[in-house]
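These values consider heavy atoms only, across backbone and side chains, with no hydrogens, waters or symmetry-generated copies.
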Amino acid sequence: HCGNAGRGGQTSTGGHDMSDTVTRIAAKGDGLTESGRHVAGAVPGDTVDADGTITPGPHHIDPPCRHFPQCGGCELQHADDAMLAQFVGERVAFAAQSQGLEPGVLALPHLSPPQTRRRASLHAQRAGAKVVIGFREGGSHRIVDMAECHVLHPALFALVDPLRRLLGHWQGRLAADIQLTLVDQGVAAQIKGTAPDGLAQTEALLDFARENGLARLSIDEGFGAEPVWEPQPATVTLGGVPVDFPHGAFLQPTQDGEEALLSAAREWTAGAGTIADLFAGLGTFAFALAGPAKVLAAEADRAAHLACQAAARSNGKPVHSLHRDLFRDPLTAEEISKFDCILLDPPRAGARNQIDMIAQSSVSRVVYISCNPQSWARDARRLADAGFRLAELRPVGQFRWSTHVELASLFVR
């Protein structure tokens, strides 16, 4: 089929007596037709002939990037913004419906703009005489050698060519993962799976860091990341507070998406004197909500917990940082009941044990941020069974052109 047909370009042949119209985008990015067929590269409004030929409809556009659809970084560049927003909204609405939940308010989806992704994991490999760097192809280990990227922040993409040149001079086999994160001082880069060999390569590595104005450059040879270049401590500013950025710490993928989630959190926690921020990470929500509210920030990752604790102390913020694994040792119903409001932003697996404790508590307001509508829906059902109603649901598409969808939700009892 012609998955990359341009806007309005006819790609079908013959009559339309067997054609099928695409009505929505399925969870994995395929077009779903009226008759239930899954068609890769099709969007709502397209028609599909019996042989799989796609005739583009009004929402089918030319993908902006030359690497689409090979590159696994994006799945939906052939859909216009209206369809992207519809997909994000439907994923979240269907997740709620799957558990019999009806939100009081279903907000319009928020889409992050192109070139705003501030963290990414790229892969590098030697291919003959050259080094290829980029994302992997969908469902494959093959790396697409990145010549352009419409999701990465320009500061991250600007390092791709210099990295190619740097690694091109290193001898021997090369298979590395490169983590790039935009922090307050510039880009923090971490190279895993390879290391400089000898003085010349080490000096070239430091020259690379200096010439490209890196905030930090770390090498991980399998025993954890070690900084080789960090002119001043790398920080991320959260809620106006600079917080030390430990290696591999979690950060919302875009500043824009973070603002959309924070805006919901601020609105829904307004008036609360005490808030428990569970799975708090570095304090993305804790610092934004602290003052006048007092915030407990509970986090299992030790480095993130210590960074949050130090930032709260040095900035005089009413954030109390607690080192606790909420999967194995959730806050109890009794502890939860002491707070005016609970905010949680768990990993993809959800927060079943912690949700059980919230359900048994007397707290009346829960703000649940999620990066996985499926696990969120199971937890949401448990809250609903405990007497909470889903007051509002806001879909957020931070991973533009991808099938990853996030959401903010408010439960009140």
Which pairs pass salt bridge (Lys or Arg N to Asp or Glu O under 4.0 Å) with one or both residues in residues 253-272, sequence neighbours excluded? Arg118-Glu258, Glu259-Arg266, Glu267-Arg394
Considering all heavy atoms of both residues, which atom of Pro44 and which atom of Gln86 are nearest to each other, and what is their separation? CG-NE2, 4.5 Å
Could you check whether Asp356 pairs with Arg352 (Lys NZ or Arg NE/NH1/NH2 to Asp/Glu carboxylate O, under 4.0 Å)? no
A side-chain contact here means heavy atoms from C-beta on lying under 4.5 Å apart; do Asp81 and Arg400 qualify? yes
Quiz question: by atom type and distance under 3.5 Å, do the side chains of Gln374 and Arg91 form a donor-acceptor pair? yes
With sequence neighbours left out, which residue pairs that include part of residues 199-214 fulfil the salt bridge (Lys or Arg N to Asp or Glu O under 4.0 Å) condition? Asp207-Arg210
By ring pair (Phe, Tyr, Trp, His ring centres under 6.0 Å) - contacts of His323 (at least two apart): His305
Heavy atoms from other residues, nucleotides or ligands near CZ of Arg136 exceed 12 (cutoff 6.0 Å): yes
Within a strict 4.5 Å, meaning less than it, do heavy atoms of the Gln354 and Leu331 side chains meet? yes
Tell me, which pairs form a ring pair (Phe, Tyr, Trp, His ring centres under 6.0 Å) where one or both residues lie in residues 105-148, sequence neighbours left out? none
Take a 6.0 Å sphere around CD of Glu334 and say whether it holds more than 12 heavy atoms from other residues, nucleotides or ligands. no
Got a sec, which pairs hit salt bridge (Lys or Arg N to Asp or Glu O under 4.0 Å) with one end in residues 295-322, sequence neighbours left out? none
If I take atom CZ from residue Arg413 and atom CZ from residue Phe388, how far apart are they, to the nearest 0.5 angstrom? 3.5 Å
Can you tell me how far the CZ atom of Phe411 sits from the CG atom of Leu390, to the nearest 0.5 Å? 4.5 Å
Leu84 and Leu76, any side-chain heavy atoms less than 4.5 Å apart: yes
Audit row: Thr21, Thr33, side chain to side chain contact (heavy atoms under 4.5 Å, CB included) steps and yes/no: CA-CA 5 Å; Thr21 304; Thr33 69; over 6 Å; no
Tell me which pairs pass salt bridge (Lys or Arg N to Asp or Glu O under 4.0 Å) where either residue lies in residues 358-378, with sequence neighbours left out. none
Could you check if a side-chain atom of Thr55 sits within less than 4.5 angstrom of a side-chain atom of Thr47, using non-hydrogen atoms only? yes
Partner set under side chain to side chain contact (heavy atoms under 4.5 Å, CB included) for His320, not counting sequence neighbours: Leu296
Going by salt bridge (charged side-chain N to carboxylate O under 4.0 Å, His left out), name the residues that satisfy it together with Arg328, two or more places apart in sequence or in a different chain. Asp325
Might you point out which heavy atoms bring Ala377 and Ala95 nearest each other, and give the distance in Å? CB-O, 3.2 Å
Indicate the atoms forming the closest heavy-atom contact of Ala124 with Leu167, along with that distance. CB-CD1, 4.0 Å
Side-chain (Asp340) to main-chain (Thr274) donor-acceptor, under 3.5 angstrom: yes
Between Arg126 (side chain) and Ala175 (backbone), is there a donor-acceptor pair under 3.5 Å? no
Any side-chain donor near an acceptor of the partner, Ser218 and Glu226, under 3.5 Å: no
Before you tell me yes or no, could you show the steps for His150 and Phe68 under side chain to side chain contact (heavy atoms under 4.5 Å, CB included), namely the whole-Å CA-CA distance, both residues' side-chain angles and the distance that decides it to 0.1 Å? CA-CA 10 Å; His150 294 260; Phe68 185 82; over 6 Å; no
Of all heavy-atom pairs between Leu205 and Val228, which one has the smallest distance, and what is that distance? CD2-CG2, 3.9 Å
Using atom types as modelled and distance alone, determine if a side-chain donor or acceptor of Asp46 lies under 3.5 Å from a backbone N or O of Pro56. no
CD1 of Ile191 to CD1 of Ile178: how many Å apart, nearest 0.5 Å? 5.5 Å
Evaluate the criterion side chain to side chain contact (heavy atoms under 4.5 Å, CB included) for residue pair Val151 and Cys74; output intermediate values, then yes/no. CA-CA 8 Å; Val151 292; Cys74 294; 3.7 Å; yes
Kindly indicate whether the side chain of Gln185, heavy atoms from C-beta on, has any atom under 4.5 Å from the side chain of Gln232. yes
How long is the gap from CG on Leu278 to CG on Asp345, to the nearest 0.5 Å? 10.0 Å
Report, one line per pair, each donor and acceptor closer than 3.5 Å where one atom sits in a side chain of residues 157-166; sequence neighbours left out.
{"unit_1": "Asp161", "atom_1": "OD1", "unit_2": "Arg164", "atom_2": "NH1", "d": "2.6"}
{"unit_1": "Arg164", "atom_1": "NE", "unit_2": "Asp145", "atom_2": "OD1", "d": "3.1"}
{"unit_1": "Arg164", "atom_1": "NH2", "unit_2": "Asp145", "atom_2": "OD1", "d": "3.0"}
{"unit_1": "Arg164", "atom_1": "NH2", "unit_2": "Met146", "atom_2": "O", "d": "2.5"}

Looking at Ser361 and Ile336, what are the two nearest heavy atoms and their distance? OG-CG2, 3.2 Å
Starting from the C-alpha separation in whole Å, work towards a yes-or-no answer on side chain to side chain contact (heavy atoms under 4.5 Å, CB included) for Leu261 and Val396. CA-CA 8 Å; Leu261 296 172; Val396 176; 3.9 Å; yes
Side chain proximity check, Glu90 to Ile25, heavy atoms < 4.5 angstrom: no
If you measure from OG1 on Thr116 to CG on Leu111, what distance do you get to the nearest 0.5 Å? 10.5 Å
Any chance the side chains of Ser121 and Asp177 put a donor and an acceptor closer than 3.5 Å? no
Return each pair, listed once, that meets ring pair (Phe, Tyr, Trp, His ring centres under 6.0 Å) where at least one residue sits in residues 247-297; pairs must be two or more places apart or across chains. Phe279-Phe327
Has Asn315 got a side-chain atom pairing as donor or acceptor with Val241's backbone, closer than 3.5 angstrom? no
List the residues meeting side-chain hydrogen bond (donor to acceptor under 3.5 Å, both in side chains) with Gln398, not counting sequence neighbours, and say none if there are none. Gln252, Thr254, Glu406
So which atom in Leu217 and which in Ala209 form the shortest heavy-atom distance, rounded to 0.1 Å? CD2-CB, 4.0 Å
Quiz question: by atom type and distance under 3.5 Å, do the side chains of Ser409 and Trp376 form a donor-acceptor pair? yes
Residue set satisfying ring pair (Phe, Tyr, Trp, His ring centres under 6.0 Å) with Phe399, at least two apart, ordered chain then number -> His404
Tell me, do Val48 and Arg37 make a side-chain contact under 4.5 Å, heavy atoms counted? yes
Hey, does the side chain of Arg381 reach the backbone of Gln99 with a donor-acceptor pair shorter than 3.5 angstrom? yes
Rounded to the nearest 0.5 Å, how far does CG of Asn353 lie from CG of Leu326? 10.0 Å
Using only heavy-atom distances, determine whether the side chains of Thr235 and Asp244 contain a donor-acceptor pair under 3.5 Å. no
Taking the side chain as everything from C-beta on, heavy atoms only, tell me whether Leu407 gets closer than 4.5 Å to Leu393. yes
